[in-house]
*Asks:* 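To start, I am sharing the structure in question, which I have written as structure tokens.
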Amino acid sequence: MNLQAEKLEVVRMILDTDDKKIISEVKSLFKNRNKVSKNQTDLNEFYNGFKNGVHEVKSSLDGKTELKDAKTWLNEL
């Protein structure tokens, strides 16, 4: 069965039910999935920032750049 057919089947099932609990559970499923997706994006942003920070420290240790102090970082925000 292709994706479009499966989606139509799910829509028909939702339209045919009068069970509020099932409809509520389907809504919750979508809401929770969106939260997970956003959390994953936030986590990826954190890891990328961490990786960049590690790269800057390594560059500083290699003498390629000079690390900024905390006050400078805060002023850039």
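Starting from 1, each residue takes its place in the sequence as its number. Keep in mind the model is a prediction, meaning the values are calculated, not measured.
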*Asks:* Could you grab the distance from atom NZ of K27 to atom CD of E25, nearest 0.5 Å is fine?
*Replies:*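 Between K27 NZ and E25 CD, I get 12.5 Å after rounding to 0.5 Å.
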*Asks:* Do you reckon F30 sits in the same ILVMFWY cluster as V10, going by side-chain contacts under 4.5 Å, direct or chained?
*Replies:* yes
*Asks:* What residues form a side chain to side chain donor-acceptor pair (under 3.5 Å) with D62, not counting sequence neighbours?
*Replies:*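 Partners of D62 by the side chain to side chain donor-acceptor pair (under 3.5 Å) criterion, ordered by chain and then number, come out as K58.
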*Asks:* With rounding to the nearest 0.5 angstrom, report the CD1 to CG distance, I14 to D19.
*Replies:* 12.0 Å
*Asks:* Is the backbone of M13 close enough, under 3.5 Å, to the side chain of T17 for a donor and an acceptor to pair up by distance?
*Replies:*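 No, T17 side chain to M13 backbone: no donor-acceptor pair under 3.5 Å.
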*Asks:* By side chain to side chain donor-acceptor pair (under 3.5 Å), which residues pair with N48, not counting sequence neighbours?
*Replies:*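 Not a single residue meets the side chain to side chain donor-acceptor pair (under 3.5 Å) criterion with N48.
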